[in-house]
Amino acid sequence: MANKYEMFSVRVSAVEQATPLIRRFTLVREDGQPMPAFSGGSHVIVQDPAGSFSNAYSLMSDPRDLSHYQIGVRLEEQSRGGSAFMHQQVEVGTRLTISTPNNLFALDPGAGRHVLIAGGIGITPFLAQLHDLEGGATPYELHYAFRSPEHGAFQAELEQGPHAEHVRFYIDSLARKLDLEALFAGLAEDAHVYVCGPKPLIDAVIAGAKAAGIGDERVHWEQFAAAPAEGAAFTVVLARSGRELRVEEGMTILQAIENVKAAKVECLCREGVCGTCETAILEGEAEHFDQYLSDEEKASQQSLMLCVSRSRTPRLVIDL
Ligand code: FES
C-alpha cells in the first residue's frame, strides 16, 4: 500500500538528560522551513542516518510552535537498537531522517472532560496535548505515575507551568499510588480516558474502565512496542509465490519473511504504528497487536500488519 508518510531531514539542535533513562531531543529542519503542523498525540518515525533503526516517538513540544519538534526517548533494556542509538550516538548536530507526523492518539473533540493517565515515558504525548487544551473550554486532568522521584521526567515543568493545578503525581517508591477505582468512580458520562505508558498500566486502565462501565469508545490508549513473543507457531502462506513459511513462537511474520528473503516488504516502524506493512488477509484470521487499524478494521479481518500481527488460525494466507 502507499506510504502515508513523507520523510525529511532534521538536525539535532539540543539534547537534554531529563532523567537517568530519558533524554529530550530538539529537532530542527535542515532547510530552515517550519516543521509540518501537528496536534497533540501525534508521533513521528525517526530513522538513523544509515537507515538501520526506525522507531516511532510521540511529539512532546507545543503544536503552536513549529520552529522545532521535541521528542523524549527512554533507553530501553530490551532495545532493538533504536533507543540505544539515540542515547549513545546522537548529539547536537547529528542529522536524522524523520517522517511527517501522524496522530493515532488524538483528543476526542466530543469529550466533556479529558482524563489523561501517564506512566513514565508515556508522559510525552500528553505534554503536547496539554498545550492544545490550554485555555480551552473542556476541563482536563493529568495523572502522572512514575517509579521514584528521579524518574519523574519533566515533573518540574509541569509543577511550574500553566497546567500545575490540573496535574497529580504518583510515585511508587513513596507509596503514592494511583487508585484507578477511585478515579473512575463517579466519572461523568461524557468524560474520555486516555492512557500511555507501560503495558501493565494500559491493561489496568482498560480493565478498570470496563469494570466502572466506561464504554470502549471513551477509552484511548497508545503504546509503541515490539511484537509480543507469546502465541503458538503457525504457517503463513504467501499467495503470490505459493511459499509457505513457519512463524515460530516469539517471531513476527515479518521476521519469518525476511529470514529467507521470501518477499520484499516495506516496513517503516516495525512496531505496528505506521501502516506501511499492511497486507491483505486471504484466508485465516489474524491476531492484531498494532495501533494502526481501528477496532472495526481489526474485527473485519481484511488486513494485518506483518510487523506485529500473529495468527489465530494454524494457517494464514496473505496477499504477498
Ligand atoms: S512497519 Fe509500521 S506498521 Fe508495520
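Worth knowing before you read on, the calculation uses all heavy atoms, side chains too, and leaves out hydrogens, waters and symmetry mates. We number each residue from 1, following the sequence as shown. Every number for a ligand or one of its atoms is a count from 1 in the order of the listing.
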Donor + acceptor pair across side chains of Thr313, Glu285 (<3.5 Å): no

Environment of atom 4 (Fe) of ligand 1 in terms of protein N/O/S atoms, cut-off under 2.8 Å: Cys277 SG, Cys307 SG

His114-Tyr194 side chain donor-acceptor pair, cut-off 3.5 Å: yes

All ring pair (Phe, Tyr, Trp, His ring centres under 6.0 Å) counterparts of Tyr69, not counting sequence neighbours: Phe38

Pair Ser300, Gln302: side-chain N/O donor-acceptor within cut-off below 3.5 Å: no

Co-members of the apolar cluster containing Val237 [side chain, <4.5 Å]: Leu282, Val317

Leu201: hydrophobic cluster co-members (side-chain, 4.5 Å): Val115, Ile117, Tyr170, Leu178, Leu180, Leu183, Phe184, Leu187, Val193, Val195, Ile202, Val205, Ile206, Ile214, Val219, Trp221

